[in-house]
Structure formats: structure tokens, C-alpha cells
Amino acid sequence: MLGLVPSASLLGVDGHAVTVEVHVSGGLPSFTVVGSPDAACREASGRVRAALLSSGCTWPMHRVTVNLAPPTVRKIGSGLDLAIAIALLVASEQLPPEAVEGRAFLGELGLDGSLRPVPGTLCLIDALGASAVVVPAASAGEAALLGGRSVHGLGSLAAVLACLKGEEPWPSAPERVTPDEPPPAPDLADVRGQPVGRYALEVAAAGGHHLLLLGPPGAGKTMLASRLPGLLPPLSDRAALETTRIHSAAGLILPAGGLVRRPPFRAPHHGASSVALVGGGSATMRPGEISAACNGVLFLDELAEFATHVLDALRQPLEEGVVRVARAAATVAFPARFLLVAAMNPCPCGYGSQPGGCLCSDGARARYRRRLSGPLLDRFDLRVEVTRPSVTDLMGHDRSEPSAAVRARVLEARARAQQRGVGTNAAIPVDRLDELAPLGAGAADVLAQALRSGRLSARGLHRVRRVARTVADLQGDTEALTAAHVATALSLRSDAAGSASGSRALSA
Amino acid sequence: MNDDRTLGFIALLAGHPAVGPRRLSELLSERGAEAGWAEVGGDPAADPLATLASHRAAGIEILARHDERYPECLQPDPEPPAVLFAQGDLAALGTTRVAIVGTRRCTGGGAGVARELGRELTDAGVVIVSGLALGIDGAAHRGVLDAGGAPVGVVGCGLDVVYPSRHRDLWGQVRSIGLLLSEAPLGVRPAPWRFPARNRIIAALADIVIVVESHATGGSMHTVREADDRSIQVMAVPGSVRSPAAAGTNRLLAEGCAPVRDATDVLVALGLTAASRAATPDRRTRPDPVGQTVLAAFDWEPATLEHLVIRTGLRLPELALALEALLAAGWVETAGSWYERVAA
């Protein structure tokens with residue numbers, strides 16, 4: 001007496017097909033789960049037994065063995081409960097095998113027989129070969145996103161059994177919910193003054209350049225950064241599906257339509273551990289914050305307060321757009337293409353970058369700067385000082401430009417980059433810079449001067465050219481870069497590491 | 001020979017961690033050098049002659065108070081250093097000395113003033129004494145070197161311990177052209193208490209102490225107190241009331257200290273006639289109209305791009321281009337993301 005039911009288990013952001021095999025035989029009554037279950041999965045016995053009894057089924061007083069095949073894949077969590085219950089009913093001859101033919105089952109059981117959603121439904125569905133899938137009603141919308149299969153969302157084990165026995169019709173596939181207009185993102189019009197900070201945001205959004213905001217406490221760094229998602233275009237279908245998969249696997253709440261359409265904005269607290277940020281965990285292999293920010297914005301407020309090793313863990317994903325987490329049990333790759341925006345004070349007292357303005361000792365400032373490694377600092381194409389605008393500066397201005405107007409320019413600039421086939425300007429490879437971002441005569445002079453004075457390193461040169469390309473694209477100039485484009489890019493890349501006035505080097 | 005032993009023990013004592021300037025003076029006057037070394041529990045195996053030899057080999061003179069080369073002006077001091085380690089040309093001390101001191105965390109404008117004062121006072125025959133620290137001190141020394149003068153640097157560590165290490169070049173120039181003085185023998189690391197002690201020597205050596213920029217508290221204010229104790233005139237360079245780096249100097253002015261607007265003010269206070277100086281022609285290229293607008297927007301205070309955009313009303317690309325030109329021509333300096341106007 002054997003029951004076989006297909007299901008799936010989650011590892012990282014990938015589903016793995018699992019066949020649930022239940023064997024009922026003579027012997028002392030017992031219930032054993034084999035095939036690399038984790039603790040939550042092994043506890044299925046208690047939930048399945050209670051749910052069966054609550055749903056009017058009988059518990060076989062025999063020796064029950066559950067095998068989760070293949071045994072090499074670790075089964076994590078409670079998503080196999082429903083499949084185990086159905087396979088057990090088949091094995092104990094309470095359901096005919098034909099009734100479950102061609103159907104896969106996903107979902108966690110409550111003791112009362114109710115069906116509860118499990119994280120990663122989208123990824124799990126993807127791994128299933130069956131043409132019909134039974135999922136908890138709450139996950140039906142998410143499960144239907146992929147298409148190509150009939151998805152039945154049901155609320156309880158009793159309802160599933162009724163449909164399987166033909167007593168009730170299968171519910172029709174859930175309708176595609178047209179997403180409600182999402183609540184408006186914070187608008188740039190709320191930011192008064194801050195012309196340079198606003199412009200830097202625009203360049204970051206248009207070119208995909210990582211942005212570091214420096215400034216004293218209360219200058220509005222966080223306010224600016226939270227406006228960035230509102231400047232980005234909505235996600236493409238592919239990007240939306242990728243981000244939704246990650247959010248689903250991470251157990252984040254998905255928007256009403258099921259699909260994450262708006263670029264995500266993740267702002268982890270600076271106490272975050274490296275696993276929380278990068279992903280992993282010894283058992284669950286959950287995606288971290290940087291993957292949750294995939295195709296969106298990762299905002300690290302108080303950058304210097306993050307642990308140094310946590311920040312250095314960002315360097316590889318920043319370069320490759322993917323983070324590979326290796327544990328003894330498995331190696332998982334999480335997508336992690338995000339726009340990094342960070343904010344920090346220039347020194348512990350917060351006023352250090354103004355010449356003569358710092359209250360900290362030399363040692364305190366040096367320690368503060370050492371928290372950021374040079375290679376990480378180097379990843380920021382845009383490094384901008386934000387200052388607290390004075391009252392008169394604030395009052396002298398009309399209402400600021402709203403996000404919609406800025407977004408229109410951003411979209412045009414992004415379209416220009418796409419036409420060049422490089423995605424965003426931040427991704428222009430070094431060997432194509434001369435072709436895609438050629439320097440006009442004046443532009444070369446400005447760069448040469450900056451190199452001579454030591455303000456610009458050879459490495460920074462490429463980054464300045466990419467930013468200058470974006471500046472030009474935003475103005476609608478598609479030809480060679482002019483001196484003004486390059487000068488603007490230079491002015492948006494201040495030397496954050498040397499910003500303390502104590503390090504003033506007197507020349508000439 | 002006996003003198004050499006004594007000098008060696010003085011050097012050993014001056015480097016002992018438990019011996020400060022006052023204790024050293026007491027020990028030498030009450031016990032003598034060798035007995036003092038035993039009293040402080042110094043290593044009995046220490047070789048005074050080897051210590052002396054290592055100093056002489058490094059070109060360092062050990063000047064005890066009875067030495068005729070010991071600076072005359074320090075003899076009547078209330079707390080004269082019991083010993084001075086000198087490297088360089090002792091004649092560089094000259095007869096008229098002005099100390100230029102100020103904060104390490106100075107503005108570009110402050111550093112410019114210190115350098116200019118150093119240069120012009122040197123031209124007028126005044127010897128400049130300072131502490132070789134970052135910021136104002138370093139700028140003053142560089143001004144002296146600009147004018148081809150011999151700077152005098154008083155430091156708070158051994159003469160072989162270059163501190164701050166960023167001033168290694170400057171340190172070498174002062175040593176080879178001018179004079180380096182310290183109370184500490186070779187190998188002594190800078191300790192926090194040594195800097196106030198160093199400041200008293202700077203004050204004591206000077207006829208006038210000029211504070212170019214100082215925060216409300218800090219080492220320069222300590223130098224000012226030491227000068228006050230010795231009835232040495234203190235002068236201060238006025239700064240913007242909004243600049244934290246000028247808070248200390250502006251307070252000094254409010255308390256009645258004489259202002260320094262240029263080198264002439266100092267020369268008059270010294271009783272020297274200001275030599276009529278030919279105005280050095282400015283070799284900077286004149287800024288274009290946009291550049292002039294930007295320069296005017298600085299208001300002689302450090303500003304970020306943001307300040308300048310708001311004050312000038314220019315678009316960022318125009319402003320950035322104008323700033324690049326001003327930087328290239330030397331009208332403006334930049335530190336981090338701040339810009340400063342440094343020339344009129």
C-alpha cells in the first residue's frame with residue numbers, strides 16, 4: 001500500500017521537486033519521516049495527524065513510513081504537510097490513486113485542517129512538473145503568476161478532499177488581480193532646497209550609479225534617499241518576476257497583485273549581521289536584504305556604523321550582481337543587482353567636513369574613516385555633501401520639482417543607455433568608454449587638471465566618465481562629453497576619505 | 001669627561017617616563033644627574049656615554065642650562081627647560097622672534113594667512129617659531145621656507161620621531177635649514193602631556209605670540225595662557241564669526257588682544273618699521289564673469305556646492321565648470337566636498 005504525490009521544497013530562491021512517498025504496512029503503529037527533513041518538516045507528523053482527524057479521516061493504526069525523495073536535497077519547513085497528508089490517504093486507501101493523478105500539492109496544515117500559505121510559493125511552483133497544482137487559497141494569486149498550469153486555491157484539507165472525491169467542483173483558476181494603484185512613493189517635491197542632493201539622486205536613478213550622501217545630522221540625507229525609488233521606472237516583467245521570487249522566498253509580504261512591480265526599497269538597520277544582509281543561515285538559506293533589494297534600492301543609513309566585515313561582504317555582490325552563499329550543506333546563488341545608496345556623517349561629531357568645523361580628535365576621525373575600506377568607498381560613483389539649508393535659503397525657493405517630472409528625464413536617459421546596449425551607464429565596460437563616452441577637447445583638459453592636482457585617481461577617471469555620460473544623457477546631449485559634463489561629474493564625486501580638514505594638504 | 005657623563009645622565013633622565021620638566025629641574029638642582037637617575041629607579045646598567053654618543057652621532061646638541069649656547073631668553077623663565085635637545089643651526093634663533101600658532105583643523109583661509117605672515121615677517125627679518133603641527137603651524141613654517149628664511153620648530157617628541165608623520169618632508173627642511181628644539185631625547189614618542197609643555201617653550205621663546213585660528217578650546221589657547229603668564233604679548237587674526245575655527249581667536253580679540261590684519265601690524269607691535277614691500281603681482285588669470293559671480297558668492301567662508309548653487313542661482317553644470325576653472329587658476333581650494341576662496 002503505497003501513495004506517491006509530487007510536491008516541492010525551497011532552498012534559497014530555488015524550488016526543488018520532491019516526491020512524497022508514503023508506505024503503510026503491518027506492524028506496531030508508528031510514523032517515521034525519512035529523506036533529509038529538517039526539524040519543522042519532521043514535525044509534520046503531529047500536524048498531519050490532527051488535520052486528518054479534524055477533517056473526518058481516520059489515522060491508520062499501522063506502521064507509516066514517509067520518504068521524501070530525493071534524499072540528497074534537504075527539505076526545509078512545513079510546505080510538504082498537504083502532500084504528506086494526501087499521500088497517506090492514498091496509501092491507507094481512503095483516496096483512490098487515480099484521484100491524485102497529475103496533481104501536485106503545496107501547503108502547511110493547521111491542526112484544524114486549514115491550509116496555510118508557505119514562503120516561496122512562486123519558486124516552488126516553478127519546480128513542479130505537474131499540470132495541476134493545489135495550493136492554499138491565500139497563495140493562489142502568487143501561484144498563478146507563472147501561468148502554464150492550472151492552479152487550485154483551497155482553504156482546508158476537507159475542501160481539497162471534497163474536490164478530489166468529485167463531491168465539489170474544482171475552483172476555477174484565480175483571476176489575475178489587477179493591482180490597485182500602489183500608494184504613491186514619497187515625492188521629491190517635499191524636499192526643499194538641496195539642489196545638489198536632488199540632482200545627485202536624478203543622476204543615480206538615470207545611470208544606476210551608487211550614491212553616498214555625506215552630511216551633518218538632520219541635513220535630510222534619509223529624506224532624499226527615500227525619494228529614489230519614486231524616480232526609477234517600474235520593473236520590467238522579467239525583473240518583476242525575479243524580485244517577486246526573492247520576496248516570496250524571503251517570506252516578505254507581496255503586493256495585492258502578487259507581482260512586485262515597483263522597485264523595492266530596503267533599508268536595513270546598521271545593526272544588521274552579515275547573514276541578514278547577504279543571505280544564508282545554516283538551515284534555511286534565506287535571501288538577505290541585498291537580494292530583497294534586487295532591481296531596486298538598498299539604502300544603508302549611518303554607513304560607518306555597520307560592522308566592517310558586514311560592509312566588506314557587499315563588495316563581491318556589488319561587482320557581480322549575484323551573491324553566492326556557501327554552507328556545508330549547500331551553495332546557493334541569490335540575485336543581488338541593486339542600486340546602493342548610503343548616508344553617513346563625515347566624522348563622529350557630524351560637522352567634520354566643514355573646514356575648521358570639526359570637534360573630534362584626529363584619532364577619532366581616523367578611526368571613523370577606517371571603518372570604510374577604500375575599495376568599498378570606491379564603488380560610489382557619486383559622493384555628495386548634503387548641508388542643512390539655512391532658513392533664508394529655504395524660503396527663497398518655490399515649490400520643488402515633483403518626482404514625476406524628474407522621472408520623465410530619468411526614463412529618457414535610461415532609454416539612451418539601453419540603445420547603446422549597456423543597460424545603465426554605470427555598467428559601461430572600460431574598453432567601450434572611448435566609444436560610448438568620448439571626451440571633447442575641453443573635457444579632456446578638465447580631467448587632466450583634476451588628475452594633475454591629485455583630486456582624481458586613474459581608477460576614479462573611468463567612473464567620472466560614466467557619470468559624465470549620464471549627466472550628458474540627462475541633458476539630451478548624445479555626442480561627445482563637454483567640459484561642463486565632466487566638471488559636473490567631478491563635482492559630484494568629492495573625496496569623502498579626505499574630507500576632514502585636518503588632512504588639508506597645502507600645495508604651491 | 002665628567003661633564004659628558006653628566007650630560008648623558010641628563011639625557012637619560014629627560015627620557016624617563018616618570019620625569020617631567022619640573023621634576024627634571026628639581027632632580028638636577030637638588031641631586032645632580034647621576035644621583036637623580038638612581039633616585040627615579042633608572043636602570044643602573046644604562047650607559048650615559050653611549051646615550052650621549054648616539055645623540056652626537058645624530059647631530060643633536062644637548063644644551064643644559066649652564067651651557068653658554070642655551071637660549072638666553074629662557075634663563076629668566078619661570079619654568080625653563082632643564083635641558084634642550086637641538087638639531088640644526090642654533091644661530092637661527094636670531095634676536096627678534098614671533099611665534100605663529102593655531103589649530104591643526106584650520107580652514108584654507110587660515111592656513112593661507114599663516115603662510116603669508118610667515119613669509120612676510122621673515123622678509124622683515126623676524127624669526128618665526130612654531131610647533132610643526134598640522135594646520136596653522138605647518139603653514140607658518142612653509143611661509144618661512146617660501147621666503148628663504150630659517151624656521152625654528154619646537155616639538156614634543158624625540159628629534160628622530162617625526163610627528164605628525166605627514167610632515168616628514170617639512171620636518172627635514174626645518175632641520176636642514178633652520179633649527180629643531182625639543183625637551184625630549186632621541187626615541188621619545190609623543191605623549192599627550194608633552195604638547196602643553198612644548199607650548200610653554202614656544203611662548204617663552206617668542207617676543208609676540210600670534211594666534212591665526214583657534215577653536216574655543218585647544219592647544220593654541222594653552223600657548224596663549226603660557227604667554228600671558230610670562231607677560232608676552234598675544235595677537236590674534238580675526239576670523240568669521242560663523243567659523244568654529246575662529247571662535248577662540250575672536251574671543252581673544254573680544255578680550256582686548258590686539259588684532260593682526262597683516263604683517264605690518266606685527267612689525268609695528270614689535271617696534272620695527274615696516275619695510276615698504278613691493279606688492280607682488282598676482283599671476284593668477286583673472287576669472288571670467290561667471291567665475292567672478294562664483295567667487296563673490298563665497299563670502300569668504302567655506303561653502304559646499306549646495307551653498308553655491310543656491311547663492312549664485314547657476315545651474316550645476318555651469319557652476320561646476322566655473323569652479324574647475326577657479327581651482328585650476330588657484331582662486332579656490334577644495335577639501336573633501338567643501339570649497340574655499342583663497343585669494344582676493
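By convention in this document, chain letters (A, B, ...) are assigned in the order of the sequence lines, proteins followed by strands, and residues within each chain are numbered from 1.
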Chain B contact via A:Val471 - which portion, at a heavy-atom distance below 4.5 Å: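 Neither part.
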
B:Glu306 and A:Arg198, any side-chain heavy atoms less than 4.5 Å apart: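 Side-chain contact under 4.5 Å: no.
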
Minimal non-hydrogen separation, A:Ser491 against B:Leu316, with atom names: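 Scanning both residues completely, I find the closest heavy atoms to be OG-CD1, 4.4 Å.
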
Verdict with reasoning, A:Tyr199 to B:Leu305, per side-chain contact (heavy atoms from CB on, under 4.5 Å): CA-CA 11 Å; A:Tyr199 188 70; B:Leu305 273 183; over 6 Å; no

Toward chain A, the part of B:Ser243 with a non-hydrogen atom under 4.5 Å: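 Neither part; nothing is under 4.5 Å.
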
Pair B:Glu324-A:Val486, side-chain contact (heavy atoms from CB on, under 4.5 Å): steps then yes or no: CA-CA 10 Å; B:Glu324 283 303 325; A:Val486 173; over 6 Å; no

Out of curiosity, [X] [atom1] to [Y] [atom2], how far, rounded to the nearest 0.5 Å?
{"X": "A:Arg455", "Y": "B:Leu327", "atom1": "CZ", "atom2": "CG", "result": "5.0 Å"}
{"X": "A:Leu212", "Y": "B:Ser337", "atom1": "CG", "atom2": "OG", "result": "9.5 Å"}
{"X": "A:Leu490", "Y": "B:Leu323", "atom1": "CG", "atom2": "CG", "result": "11.0 Å"}

Audit row: B:His307, A:Glu385, side-chain contact (heavy atoms from CB on, under 4.5 Å) steps and yes/no: CA-CA 11 Å; B:His307 293 128; A:Glu385 178 99 18; over 6 Å; no

